[in-house]
A.B. asks: 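Before I ask anything, let me first share the structure, which is written out below as structure tokens.
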Amino acid sequence: MTIDGAVVRLTSHEFRVLSYLMHQRGRVVSQGELTEHIYAESADRDSNTVEVFIARLRRKLGAAAIETVRGLGYRMQVDA
């Protein structure tokens, strides 16, 4: 992936989170929904991993790309 011509490297989990949010662009996606999407049922899920992936994506894409909707989840900005 590139942003303004610069290569942005993503881990597989970061890519899954970003891809899911982009496909749901403009809609609030709960943390639980993201967790279900990025992990297999049998995987051991840590409670804050989604927050970590979101923080990493914000550093790589810009803080405004992903909005936190307090108490509900995350939303990819429509114009991002």
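Here the structure is a predicted model, which means the values were calculated and not measured. These values consider heavy atoms only, across backbone and side chains, with no hydrogens, waters or symmetry-generated copies.
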A.B. asks: Looking only at heavy atoms, which two atoms of Glu14 and Lys60 are closest? And how far apart?
C.D. replies: OE1-NZ, 2.7 Å

A.B. asks: Can you get from Leu57 to Val52 by hopping between Ile, Leu, Val, Met, Phe, Trp and Tyr side chains that sit under 4.5 Å apart?
C.D. replies: no

A.B. asks: Atom CD in Gln77, atom CZ in Arg25: separation rounded to 0.5 Å?
C.D. replies: 9.5 Å

A.B. asks: Which Ile, Leu, Val, Met, Phe, Trp or Tyr residues join Leu72 in one cluster when any pair of side-chain heavy atoms under 4.5 Å counts as a link?
C.D. replies: Val28, Val69

A.B. asks: Does the side chain of Leu61 reach to within under 4.5 Å of the side chain of Leu18, using non-hydrogen atoms?
C.D. replies: yes

A.B. asks: Can you check whether Thr35 reaches Thr49 side chain to side chain, under 4.5 Å on heavy atoms?
C.D. replies: no

A.B. asks: Report yes if the side chains of Ile54 and Leu21 come closer than 4.5 Å at any heavy-atom pair, otherwise no.
C.D. replies: yes

A.B. asks: Taking the side chain as everything from C-beta on, heavy atoms only, tell me whether Val50 gets closer than 4.5 Å to Tyr74.
C.D. replies: yes

A.B. asks: Would you find a donor on one side and an acceptor on the other, under 3.5 Å apart, between the side chain of Arg58 and the backbone of Ile66?
C.D. replies: yes

A.B. asks: Would you say the side chain of His23 lies within less than 4.5 Å of the side chain of Met76, judging by non-hydrogen atoms?
C.D. replies: no

A.B. asks: Looking at side-chain heavy atoms only, is the closest gap between Tyr20 and Glu33 below 4.5 Å?
C.D. replies: yes

A.B. asks: Could you walk me through whether Phe53 and Leu34 pass side chain to side chain contact (heavy atoms under 4.5 Å, CB included), step by step?
C.D. replies: CA-CA 10 Å; Phe53 294 137; Leu34 277 172; over 6 Å; no

A.B. asks: Once rounded to the nearest 0.5 Å, what's the spacing between atom CD of Glu36 and atom OG of Ser30?
C.D. replies: 9.0 Å

